[in-house]
Amino acid sequence: MASTTDTAPPGPAAPGAQAPPLPDDPAGLKVVPARHYARWAAAAAVVVLVAQFTHGLATNPVWEWDVFRDYVLSETIVQAVWVTLQLTAYATVLGFLLGTVLAFMRLSRSPVLQTVAWTYIWIFRSIPMIVQLVFWFNLSALYDRLGFGIPFGPVFWSVDSNSIIGTIGAAVIGLTLHQAAYAAEIVRGGVLAVDEGQLEAAAALGIPRLRQIRRIVLPQAMRAILPTAGNEIIGLLKGTSVVYVMSIGELFYQVQVIYGRNGRVIPLLLVATAWYVVLTSLLSVAQYYVERRYARGADRTPPPTPLQRARRFVRTLRAEAGRRHRPVVPFKPLGDIR
């Protein structure tokens, strides 16, 4: 006899009822966002440190911002900045010219040229810059006269070494020779990054060797040369502060002279820091645009520059403002037009 307590088999669901989700159905899973507690803690710590540093800059009386304002654009400091820029420009141009020659000497098939270039790079990268500067500053102690004539023979013309190599000249020579050793390796690395097939194709077309280097190799090598060269030039700009040992009136030397007289060390060092930050920032901007120009062959649609992005943002804001102030014309069917 069948029991009256037996349950009937489940029938079809009611038309308005929602079926329960299956155990493996993704729609029934609860989505929980990831929580990055360590990242939040690190960001909070950084924000607190930045706030403390900013508060110290604004409230600590030792910074003496009034002294900073008095000297940051003074005539003495501006002239010192000009001397710093001159030393950087001379050493950059001459150093990279000599470095390019040394790079191709190392890449040549002549064992003599390879040995001379490698020895030069080894020696000048081994000696600190300040030692080289002091050595060239005292060149007259080693050679009191410099002349022109036949090697190991008579001298036709000579002049006192101090008369042609002054303090600025010794600084430029020292910075140039030091920079050339590093520039040679930068250029050599860029040339080695160019595919050998480019030279083989140029040689098959009968292009002269010098033109291959000037029109094919170097333009393609610039993409690999520029990032490292830009960093090296920025380092050279800051490295010109070493010439203070030669009593040249560049930025750091003049700052030392001023705070040696008035004793305001911190604000005067802040003046030098501000100028170095401004100059390196300008060099970084120039490096960005030069790299962008030489990347045209590899990237046909380069990303917009920060200035282009700012212009696009301003145009977008103006367009949105124009839409908001534009009067709304009510819609009228064609039959209602009188």
Side-chain angles (χ1 to χ4, degrees), residues 13 16-65 68 72 182 185-186 189-190 192-193 220-239 241 266-267 269-325:
Q18 184 177 4
L22 299 177
D24 297 334
D25 187 7
L29 300 178
K30 182 179 180 181
V31 179
V32 178
R35 294 177 176 84
H36 306 280
Y37 299 106
R39 187 186 304 174
W40 297 344
V46 170
V47 170
V48 171
L49 291 176
V50 172
Q52 286 183 325
F53 180 74
T54 306
H55 180 266
L57 284 177
T59 59
N60 194 335
V62 180
W63 291 109
E64 296 183 278
W65 290 104
F68 173 82
V72 68
Y182 294 91
E185 292 300 283
I186 294 173
L192 292 176
Q220 297 184 64
M222 289 297 289
R223 294 186 61 245
I225 291 173
L226 282 173
T228 312
N231 292 334
E232 193 67 26
I233 294 172
I234 291 175
L236 177 62
L237 170 68
K238 296 179 292 184
S241 60
I266 299 300
L269 289 178
L270 190 60
V271 168
T273 301
W275 273 110
Y276 281 124
V277 169
V278 170
L279 296 177
T280 54
S281 301
L282 293 176
L283 287 177
S284 300
V285 172
Q287 176 187 351
Y288 170 79
Y289 282 99
V290 174
E291 288 182 11
R292 179 183 173 86
R293 176 177 177 81
Y294 280 96
R296 291 179 302 174
D299 192 359
R300 296 185 180 275
T301 56
T305 64
L307 184 58
Q308 291 174 344
R309 293 175 183 173
R311 290 175 178 174
R312 183 182 301 174
F313 179 72
V314 172
R315 287 197 298 265
T316 303
L317 292 180
R318 289 179 177 176
E320 290 293 334
R323 293 193 192 98
R324 292 176 181 175
H325 293 84

Is there a side-chain contact between [X] and [Y], using heavy atoms and a 4.5 Å cut-off?
X      : Y      : value
Tyr182 : Thr228 : no
Ile233 : Gln287 : no
Val50  : Thr54  : yes

For [X] and [Y], work out which heavy atoms get closest and say how close.
X      : Y      : answer
Thr280 : Val277 : OG1-O, 3.0 Å
Ile234 : Ser284 : CD1-OG, 3.6 Å
Phe68  : Leu270 : CE1-O, 3.6 Å
Pro267 : Trp63  : CB-O, 3.4 Å
Trp275 : Val72  : NE1-O, 2.8 Å
Ala224 : Gly190 : CB-CA, 3.9 Å

Spacing of Thr316 atom OG1 and Arg309 atom CZ [to the nearest 0.5 Å]: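 Spacing of OG1 (Thr316) from CZ (Arg309) equals 13.5 Å.
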CZ on Arg293 to CE on Met222, rounded to 0.5 Å: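 One finds 10.5 Å between CE of Met222 and CZ of Arg293.
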Phe53 atom CZ, over 12 foreign heavy atoms within 6.0 Å: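 Not more than 12 within 6.0 Å, no.
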Donor-acceptor contact below 3.5 Å, side chain Trp65 vs main chain Ala58: no
